[in-house]
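When a residue number appears, it is its place in the shown sequence, counting from 1. Start at 1 and go down the list; that is how both ligands and their atoms are numbered.
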Amino acid sequence: MVRQQKKSAVSTARADAKTTVTPGKAKDVALDSAEVKTLKGVGDAMAAKLATLGIFTLQDVLFHLPFRYQDRTRLRRIGELKPGDEGVIEAEVALSEVVQRQRSSLLVRVSDGTGSLTLRFFHFSAKQAEQFERGKVLQCFGEVRRGPGMLEMVHPEYRLANQGQALQNTLTAFYPATEGVQQGTLRKLSDQALAQLRSYRLKDFLPDDVLRSNGLPDLVSALETVHRPPPQANIQDLMDGVHPAIRRLAIEELIAHRMALRQLRDQHQVNNAPVIAAVSALADQLRASLTFALTGAQVRVLEELLADTAKSEPMLRLVQGDVGAGKTVVAALAAAHAVEAGYQVALMAPTEILAEQHLLNFCDWFEPLGISVGWLSGKLKGSDRRSMIEAMAMGRSRIVVGTHALFQADVEFDSLGLAIIDEQHRFGVHQRLALRNKGARNDILPHQLIMTATPIPRTLAMTAYADLDVSIIDELPPGRKPVTTVALESQRRADVVQRVNAAIDDGRQVYWVCTLIEESESLQAEAAEDTAAALTEGLSGHTVGLVHGRMKPKEKEAIMAEFKAAKLEVLVATTVIEVGVDVPNASLMIIENAERLGLSQLHQLRGRVGRGSAQSSCILLYQAPLSKTARERIGIMRDTNDGFVIAERDLEIRGAGEVLGTRQTGAAEFRIAQLGRDDDLLDLVSDLADHLMASSPTSVAGLIRRWIGDGKQDYGGV
Ligand code: ADP
Ligand code: MG
């Protein structure tokens, strides 16, 4: 039975100020600070085992939700049972015998007037065998399966029906368990925690009216229902997480996470940042020097950035856009404003090759304007590194491009005004937050601009990236033609080489991308070398170049420059060309072992073609047979060129932890909520979070403490 908790009259957010929970009963804190050891039956040893389940406090016990339920609340008639059913029957022993086949088993035929069923035991004692006397009435619980001749239960739980053990009055919960922690223990613990919950009245932070209008239960009933569902509860809904009781908990958890990130952002924005004028001669010059006009979307996003950087709070903005949407030039224009205002700019990329590509672009754009662009990567060593670091610290270097090395402990800026981070889904919330205080000087923090290599699904933007404002470049530069994608089995290589020949004869250039499942750069390099050799032979008279991750930066650069200048017709490459490479005349891309790559990586790679005026194609070569996921991925690549659609599908297939590149990203890993399943809650969550932040600071603090902790873990530890 759900014990209906009397609703506290003061649980709406607005009424917070006059909250009058009975003295001694406002025990929200009690549950999350009360250790499990305060529960009966939990000593040091059990506490240690529970810790492996993430259970430390009473509250953890309450948030450790069942994954399955059984109905032991009512008797089932044998006549209505089907194979696969689970349930309690009460039946009379008709016959009991031990049969000897390969091994002996005890068979007990029971019937209840509606039908008969066999209880089958493989392990039993002589004493056990004797107790099933004809005429005795048993209560049995188990799963029914098809047996020889009639239905049977194998090793059911059973007891004599007259032993006074009544049926359960709630559905029976099964919890994620671990070695040495039995279901019985977890049930006893949750019983105790639920009892305390009722006497303490866990504070409900969600406004009554909101719960009511969304058909959601209050917190206490939600927890009661989830742990001890009433007999009529819909088990499937509970297990699928679509039951209102679970949705209610998921909403609360999502709100807490969102508020935690928003709060971090607000706290961050209390700091001062340089005010950068939204007009700049340097930026105008840069814009005038471009060989193209900005798209409407680029102009709009640039304006959003400049409105932020013109304020004295540090900007925290995510710029999203599909591959090739032209994010870099927007970042460069924002950089020009910062430089003219007298500040330094840092541009950080997740990989060396992407950083190099940005360096080339920035040099092209800024050096003609008399501004040199510095370079700092992990590979820069010795005196080169020392002098670069000094130039940054002294403020001589105004723009620096690099990798993580830019944010190492001994790197200082004189007056960093804008930090641009090209993120490629590789930095988690924690790293991102840790970077925020880098470059702080005299309490002035830089503005922060984050660009993503491929779009982020809306779900993630609303959760894992909730600490950022978002701008979207939702328009590609004019003239881009969607790339036609086909998938071919790798045996058809000869046909593919024909197509390469044809493309070259048309004056086009070709990428041939070699991938391997091994992360090993040397194996990848070998595969690429072999392919390059084979193609050189197969395409006689044509020029084939090769780049891979084991080449020196100078060698790579030289090859890339030759390809860009069309001195090479085919470029064989490892996935190092995934990002940044920009050769509009290349109109054919072959991707080997495409079945092994993830969607966003395929999309990034494919984004290297389709940049010029010619119709481009991408051939995905795969090894048969394809797994289900691989087939799905390849199908999606064939169906669409839209990075936003691909990102959504990628999230569906892989889940948030994988997409973000870290399973420990906090915001992506919830206790109860699940992205995908709970997406339809996110708008409500964001409204409620805003509402509570504006109206009820105590609720904010309470919710964050309840779900995320008090500063020792997750976001708090950043
Ligand atoms: P991404 O958004 O994937 O980082 P880039 O910034 O690398 O895209 O831009 C892709 C290519 O498009 C670059 O060659 C860039 O110079 C070019 N580009 C950017 N904006 C425009 C525009 N408005 N018109 C034409 N080409 C553009
Ligand atoms: Mg880019």
Just to check, does Val330 reach to within less than 4.0 Å of ligand 1 when the distance is taken from its heavy atoms? no
Are Arg499 and Ile619 close enough that some pair of their side-chain heavy atoms sits under 4.5 Å apart? yes
Table please: side-chain donor-acceptor pairs of residues 363-373 below 3.5 Å, with sequence neighbours left out.
none

Numbering the atoms of ligand 1 from 1, which are under 4.0 Å from a heavy atom of Val323? 3 (O)
Should the proximity of Asp322 to ligand 1, defined as any heavy atom under 4.0 Å, be assigned to the side chain, the backbone, both, or neither? backbone
Exercise: identify the closest heavy-atom pair between Leu621 and Glu595: O-OE1, 3.9 Å
Considering the heavy atoms of Thr328, write down every atom of ligand 1 situated less than 4.0 Å from one of them. 4 (O), 5 (P), 6 (O), 7 (O)
What pair of heavy atoms forms the shortest contact from Arg398 to Ser415, and how long is it? NH2-OG, 4.2 Å
With a 4.0 Å cut-off on heavy atoms, is Arg611 in contact with ligand 1? yes
Under 4.0 Å between a Lys/Arg side-chain N and an Asp/Glu carboxylate O for Arg300 and Glu303? no
Can you give me every donor-acceptor pair (side chain of residues 563-571, partner residue at least two apart or in another chain, under 3.5 Å) with its distance?
unit_1: Lys564; atom_1: NZ; unit_2: Asp582; atom_2: O; d: 3.4
unit_1: Glu569; atom_1: OE1; unit_2: His542; atom_2: ND1; d: 3.2
unit_1: Glu569; atom_1: OE1; unit_2: Thr543; atom_2: N; d: 2.8
unit_1: Glu569; atom_1: OE1; unit_2: Thr543; atom_2: OG1; d: 3.2

N/O separation below 3.5 Å, Phe292 to ligand 1: no
Heavy-atom contacts with Arg480 under 4.0 Å: which atoms of ligand 1 show up? List them by number with element. 11 (C), 12 (O), 17 (C)
Are side-chain heavy atoms of Val400 and Val345 found at a separation under 4.5 Å? no
Sub-4.0 Å heavy-atom contact, Ala293 with ligand 1: yes
Tell me whether Gly326 has any N or O atom under 3.5 angstrom from an N or O of ligand 1. yes
State whether Arg265 and Asp469 are salt-bridged, where the test is any N-O pair (Lys NZ or Arg NE/NH1/NH2 against Asp/Glu carboxylate O) under 4.0 Å. yes
Atom indices of ligand 1 within 4.0 angstrom of Leu294 heavy atoms, with elements: 23 (N)
Out of all atoms in ligand 1, which are within 4.0 Å of some heavy atom of Thr295? Include the element for each. 23 (N)
Answer yes or no for Gly324: is there a heavy-atom contact with ligand 1 below 4.0 Å? yes
